Amino acid sequence: MLKTGAFLFTLICTVSPLFSLTVTEVMTDPDSHSDFRLEWIELYNNSPDLLIMEDWTVNGSPFSMTLDAYSCGVIVRQAEGEDSFASAYGNQNGVWGDAPGEEYPCVEASFSLVNGGGSLAVADSSGVIAAERGYPADEGEAEDNTILLYSEGFWEYGTEPGGTPGEAHLMIFLDFADTAVKEGRLFREGEEAYNGPCTGHWRVSGLSAGFTYTMEISYNGDVLYRDTLLLLEDYCRDVELALPDPSAVTFRFFDNAGVPLGQAEVTIVGAGTDIFTGVVEENTALELYPGDYSVYACVEGFIGRYKEFSVSGPGEVSLSFPGPESVRISEFAPFGAPEWIEVRSLAGGEVTLRGMSLGDNTGSVPLEAERVHFDDYLVLTEDKVAFSSLWGEELPVVEISSFPSLNDTGDIVSLFLGESVCDRVEFGSDWYSGDRPASFERIMPREPSGAENFYSTQTPTPGGVNRVDGMLNGERKILLREVSPFTEEEYVECLILDDGTEGRGALFFDYILTDLDRETAFPKEIAFPGEVILFKDLSLSSQGDQACLLRRERVVDAFAWREKYKAMSPGEQDDFAFLREAGISPFLFEEPDKTLSFQYRQGVWMLAGATPGSMDPVGENVSFHLPEAVPLEEGALPLAYYLDRMTEVEIFLFDTAGFRHSKKEVYLAGEGEIALPLPGKRGRYIILVSFRQGEEPGNIQKTFIVY
């Protein structure tokens with residue numbers, strides 16, 4: 001990222017009219033060597049004359065050096081010997097100037113560069129300042145990075161490990177009198193060297209001296225500026241282009257209820273450059289040239305907004321600001337490394353992290369990522385590199401330098417906007433049983449963040465749709481299939497109907513089954529269409545009772561039964577009144593029979609032989625079969641399967657050397673056959689089938705021969 005030193009300190013960049021000397025690069029903090037031995041300063045003579053520097057000083061320390069026209073030299077703290085500049089940048093014999101690449105001068109001076117930023121003053125033998133320049137703190141990302149200094153106070157961190165001493169790197173800087181979105185192209189000796197958008201200025205840095213460059217600035221495809229030059233020093237010019245008149249763009253601000261807001265703090269960005277920052281009153285027009293822009297906007301007490309817009313004439317941009325509750329914690333992983341927290345925007349449209357902070361039970365830290373914008377999911381983590389190595393490079397993730405450390409036994413995760421709480425989750429070790437989950441996923445995004453609204457899973461979905469999204473019970477259909485009050489092991493079965501959702505499961509977390517005396521919640525597991533859930537927790541009267549499927553006190557399905565000629569108690573009469581309001585009439589029967597149960601078939605209830613339980617353990621009714629050998633000419637391997645219910649299946653094909661040849665992901669149920677492409681050569685292969693029914697995993701491995 002390019003920065004200007006003016007943001008950090010006041011720069012002095014003075015050159016005596018007698019000299020044409022600049023400081024172009026400094027090594028302030030060599031990571032792999034002692035500061036004393038390997039700090040250095042690069043000087044550049046950007047004049048056509050020989051520059052003799054006899055008994056000059058840098059920050060008061062004497063040195064002598066002669067520079068040819070348009071050439072570089074370095075001043076170092078230790079020029080020759082062990083661990084010196086010569087041994088690090090030369091042929092490692094500890095002597096400078098006796099090998100190719102060591103043609104530029106290298107002299108010693110007793111100076112010291114401050115890692116946190118400082119200034120340099122180069123003076124002639126009479127004390128007249130020839131060049132004076134400030135430099136920033138060493139914070140570059142490259143190993144042994146340097147700081148590249150340009151005229152007009154510009155600088156950037158070097159990306160070449162160890163820097164580029166002796167190679168003059170210059171820049172071209174054009175300052176425009178407009179903020180139109182333009183395109184800049186740069187050619188070196190006729191070959192395109194750079195192409196990119198620009199607005200208020202155009203800067204290309206790190207260019208090698210002594211080459212001919214041609215620059216072009218275009219607007220809407222028309223070249224408005226062209227110049228060719230032999231680059232021997234930083235080229236800085238003010239340029240005025242013949243552009244069309246700007247247009248008036250009016251901004252309007254609202255809260256999520258549509259109530260107008262008087263003003264907002266706005267930053268408008270074009271081609272990656274800020275072209276306006278300030279407070280904009282509602283209905284105030286800004287003058288913008290035709291082009292593509294984006295805007296970051298914030299209003300105190302509301303979530304910040306990001307929006308892209310285009311200008312082709314007078315127009316209006318409307319921004320709706322959501323409240324703090326529109327950003328929720330949607331998934332979090334408190335175990336292992338790295339820890340991470342996924343947040344989700346419910347606002348519709350892109351929001352920013354401006355003004356937000358994250359906390360645990362010990363305090364909170366600002367996110368310091370105000371220009372990060374997202375419209376759905378975003379992951380916050382303590383270590384982006386480690387996270388990406390586990391989950392991939394393409395996920396929306398932000399590293400938080402002071403990420404709170406979450407306690408494994410329980411903690412509080414809080415998301416703040418200023419002083420307002422966006423969301424807070426207090427979890428404990430009672431949130432799961434058995435093995436630790438890989439993460440906790442939120443089930444209903446707008447419901448309270450208690451334990452009942454989080455799902456512990458071994459298959460996390462950071463940065464994307466939660467595994468339980470689209471599986472929520474409000475969208476699924478379930479009914480009572482069998483009720484058995486007569487058998488010794490009383491039970492109720494509920495059936496998940498196939499509703500055309502292509503095999504995705506459902507999570508019935510806010511359903512209960514009740515006989516109106518006691519109740520039992522649905523298991524917190526993902527169930528698939530065609531699957532039966534068996535309940536044995538109710539006490540069912542064989543003479544008369546009811547089984548009711550409720551969702552938040554609303555009757556979804558119910559069945560009641562009464563033995564003929566048996567009088568109802570007052571409590572039973574109350575229960576019957578409740579059912580009658582829901583349109584349920586009791587099923588009347590004669591004598592109870594312990595071999596029978598009530599079953600729902602083809603739209604009616606009947607008495608039939610009891611069939612308790614379809615929830616067999618995973619694997620007992622799962623089979624995959626394939627031939628032991630198959631001819632290469634077949635081109636496909638037939639894999640036969642039998643699955644008692646909807647199953648999520650991943651199929652991997654390996655050779656015996658361990659190389660994977662193919663992968664297939666499918667949802668399967670019932671009995672059938674699937675064709676798998678064969679590898680292109682004969683030999684022995686291994687097929688690995690990984691499957692999941694609900695949250696229960698399984699694996700089957702088989703070998704076969706292609707002949």
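Keep in mind the model is a prediction, meaning the values are calculated, not measured. Computation of the quantities below employed the complete heavy-atom set of this structure, encompassing side-chain atoms and omitting hydrogens, waters and symmetry-equivalent molecules.
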For this session: Could you check if a side-chain atom of Leu643 sits within less than 4.5 angstrom of a side-chain atom of Phe624, using non-hydrogen atoms only?
Result: yes
Exercise. Has Glu143 got more than 12 heavy atoms of other residues, nucleotides or ligands less than 6.0 Å from its CD?
Worked result: yes
Exercise. Between Phe427 and Phe335, how do the two ring planes meet: parallel, tilted or perpendicular, split at 30° and 60°?
Worked result: perpendicular
Exercise. Is any side-chain heavy atom of Ile687 closer than 4.5 Å to a side-chain heavy atom of Leu676?
Worked result: yes
Exercise. Would you find a donor on one side and an acceptor on the other, under 3.5 Å apart, between the side chain of Asn145 and the backbone of Glu141?
Worked result: no
For this session: Can you see which heavy atom on Asp537 is nearest to which on Thr520, and at what distance?
Result: OD2-OG1, 3.1 Å
Exercise. Would you call the rings of Trp605 and Tyr600 parallel, tilted or perpendicular, where under 30° means parallel and over 60° means perpendicular?
Worked result: tilted
Exercise. Any side-chain heavy atom of Met215 within less than 4.5 Å of one from Val204?
Worked result: no
Problem set entry | Nearest atoms (heavy-atom pairs only) where Pro322 meets Ala347 | CG-CB, 3.6 Å
Problem set entry | Greater than 12 external heavy atoms within 6.0 Å of Asn699's CG | yes
Seminar exercise, completed: Rounding to 0.5 Å, atoms OH (Tyr194) and CG (Leu207) come to a distance of 10.5 Å
Exercise. So, does Asp360 use its side chain to make a donor-acceptor pair with the main chain of Asp411 at under 3.5 Å?
Worked result: no
Seminar exercise, completed: Heavy atoms of Ala438 and Pro460 approach each other most closely as CB-CG, 3.3 Å
Problem set entry | Heavy-atom donor-acceptor pair, Arg305 side chain to Val295 backbone, under 3.5 Å | no
Contacts under 3.5 angstrom, residues 388-400 side chains, donor-acceptor by atom type, not counting sequence neighbours:
residue : atom : partner : partner atom : Å
Ser388  : OG   : Lys384  : O            : 2.9
Ser389  : OG   : Ala386  : O            : 2.6
Glu399  : OE1  : Lys384  : N            : 2.8

For this session: Check for a donor-acceptor pair, side chain of Glu342 on one end and backbone N or O of Gly463 on the other, with a separation under 3.5 Å.
Result: yes
For this session: Hey, could you give me the NZ/CH2 distance between Lys182 and Trp202, rounded to the nearest 0.5 Å?
Result: 12.0 Å
Exercise. Nearest 0.5 Å, what's the CD-CG distance between Glu441 and Asn453?
Worked result: 11.5 Å
Exercise. Just how far is it from atom CD1 of Ile496 to atom CZ of Arg481, taken to the nearest 0.5 Å?
Worked result: 11.0 Å
Seminar exercise, completed: Here the pair of heavy atoms bringing Leu480 nearest to Ala547 is CD1-O, 3.3 Å
Exercise. If you round to the nearest 0.5 Å, how far is CD of Gln458 from CG of Asp435?
Worked result: 6.5 Å
For this session: Measure from the side-chain N and O atoms of Asp557 to the backbone N and O of Leu549, and report whether any donor-acceptor pair falls under 3.5 Å.
Result: no
Exercise. Do the non-hydrogen side-chain atoms of Phe691 and Ile700 ever get within less than 4.5 Å of each other?
Worked result: yes
For this session: For the pair Glu156 (side chain) and Ser205 (backbone), establish whether a donor and an acceptor sit closer than 3.5 Å, ignoring hydrogens and angles.
Result: no
For this session: Flag yes if more than 12 heavy atoms outside Glu673 fall under 6.0 Å of its CD atom; otherwise flag no.
Result: yes
For this session: Keeping the roles fixed (side chain from Asp423, backbone from Leu415), state whether a donor-acceptor pair exists under 3.5 Å.
Result: no
Exercise. Short question: side chain of Asp383, backbone of Pro338 - any donor-acceptor pair under 3.5 Å?
Worked result: no
Problem set entry | Gap between atom CD1 of Ile303 and atom SG of Cys422 - 0.5 Å precision | 4.5 Å
For this session: Taking the side chain as every heavy atom from C-beta outward, state whether Pro627 and Phe704 have any pair of such atoms under 4.5 Å apart.
Result: no
Exercise. Can you name the nearest heavy-atom pair linking Pro334 to Asp408, along with the distance?
Worked result: O-OD1, 3.2 Å
Problem set entry | For Ser484, side-chain contact (heavy atoms from CB on, under 4.5 Å) partners two or more places apart | Thr487, Tyr491, Ser597
Exercise. Do Lys594 and Glu489 meet the salt-bridge criterion of a basic N to acidic O distance under 4.0 Å?
Worked result: no
For this session: Measure from the side-chain N and O atoms of Asp31 to the backbone N and O of Asp144, and report whether any donor-acceptor pair falls under 3.5 Å.
Result: yes
For this session: Anything under 30° is parallel, anything over 60° is perpendicular, the rest tilted; go ahead and classify Phe387 against Trp340.
Result: perpendicular
Problem set entry | Expected output: side-chain Tyr296 to main-chain His373 donor-acceptor under 3.5 Å | no
Exercise. Which heavy atom in Glu331 sits nearest to a heavy atom in Ser439, and how many Å separate them?
Worked result: OE2-OG, 2.7 Å
Exercise. Does Leu346 have any side-chain contact (heavy atoms from CB on, under 4.5 Å) partners at least two apart in sequence or in another chain, and if so, which?
Worked result: Arg328, Arg344, Pro445, Arg446
Exercise. Is the shortest heavy-atom distance from the side chain of Phe535 to the side chain of Cys494 under 4.5 Å?
Worked result: yes
Exercise. Are any non-hydrogen side-chain atoms of Tyr511 and Leu550 less than 4.5 angstrom apart?
Worked result: no
